[in-house]
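Encoded as structure tokens, the structure appears first; notes follow it.
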Amino acid sequence: DAKTTQPTSMDCAEGRAANLPCNHSTISGNEYVYWYRQIHSQGPQYIIHGLKNNETNEMASLIITEDRKSSTLILPHATLRDTAVYYCIVRFTMYSGGGADGLTFGKGTHLIIQP
Amino acid sequence: NAGVTQTPKFRILKIGQSMTLQCAQDMNHNYMYWYRQDPGMGLKLIYYSVGAGITDKGEVPNGYNVSRSTTEDFPLRLELAAPSQTSVYFCASRTGQGGLEKLFFGSGTQLSVL
């Protein structure tokens with residue numbers, strides 16, 4: 001699986017859009033980009049995933065650059081409850097070489113929403 | 001659906017004691033995982049299972065054992081607890097459909113070994 005690089009921490013004002021970057025310059029064509037978050041003391045929570053196209057759901061938007069070497073998770077109107085560690089993970093699907101041994105969670109980005 | 005349920009939420013063990021961390025899911029997921037998370041660190045995979053009767057080691061399996069007799073349950077056994085096993089333990093599950101890694105996590109078990 002391709003390695004990802006994320007900033008250690010970020011601040012964002014409440015009500016503003018939070019843009020979390022992730023670099024994955026060695027990503028392969030069949031690797032997906034996944035985003036999870038972990039609110040303090042809780043288990044990680046799936047947010048969104050994408051392959052090539054931009055994706056949006058009720059939680060966030062995922063913007064993947066055309067060369068797929070980086071991506072940005074966007075929380076459109078951040079609230080205090082969005083303060084968490086955000087993990088960007090790149091992974092093949094289980095059927096294209098990813099295996100069944102799950103995701104590797106690094107240290108992620110600690111996003112702090114300021115009131 | 002309750003999702004993934006872990007018990008207990010907190011536990012203190014003495015060195016050398018044993019215990020079982022329980023994990024149950026009601027989503028009929030074939031794939032289940034045990035992770036541990038040390039303070040300020042990411043999650044490390046201990047064991048995983050792709051279905052009833054099938055388990056395999058992850059990155060840090062030493063000192064742990066698992067079993068998977070049913071689709072719903074995936075208990076983690078600690079034998080001869082050591083201070084190095086002080087951690088927060090998370091259980092997760094996912095469907096195998098599509099091969100995508102959309103994991104559902106439990107709320108964790110905080111374990112201290114003293």
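What's counted below: heavy atoms across the whole structure, side chains too, no hydrogens, waters or symmetry copies. Note that the structure is a prediction, hence the values are computed from the model and not measured. Below, read A as the first sequence line, B as the second, and so on, with proteins coming before strands; counting in each chain starts at 1.
Interface residue B/V50: only side-chain heavy atoms are found under 4.5 Å from chain A. For chain A, the nearby part of B/Q37 is the side chain; its heavy atoms alone come within less than 4.5 Å. Both the backbone and the side chain of B/L103 come within less than 4.5 Å of a heavy atom of chain A.
Scanning both residues, B/L43 and A/Y87, for their nearest heavy atoms gives CD1-OH, 4.0 Å. Considering every non-hydrogen atom in both A/F92 and B/E101, the closest pair reads O-OE2, 4.4 Å. Closest non-hydrogen pair, B/Y35 versus A/L103, comes out as OH-O, 2.8 Å.
By the neighbour-count criterion of 12 heavy atoms within 6.0 Å, atom CZ of A/R16 is sparsely surrounded, having that number or fewer from other residues, nucleotides or ligands. The environment of B/I54 atom CD1 is dense: over 12 non-hydrogen atoms of other residues, nucleotides or ligands sit within 6.0 angstrom.
Under a 3.5 Å cut-off, the side chain of A/Y32 and the backbone N or O of B/L100 do not form any donor-acceptor pair.
The hydrophobic clustering, which links ILVMFWY residues whose side-chain heavy atoms are closer than 4.5 Å, places A/L111 and A/M59 together.
For the options A/S41, A/P44, A/G43, heavy-atom pairs under 4.5 Å to chain B are most numerous at A/P44. Counting heavy-atom pairs closer than 4.5 Å to chain B, the top residue among A/Q45, A/Q38, A/H49 is A/Q38.
Between atom CD1 of residue A/I48 and atom NZ of residue B/K102 there is a gap of 10.5 Å, rounded to the nearest 0.5 Å. Here the straight-line distance linking atom CZ of A/F105 with atom CZ of B/F90 works out to 10.0 Å at 0.5 Å rounding.
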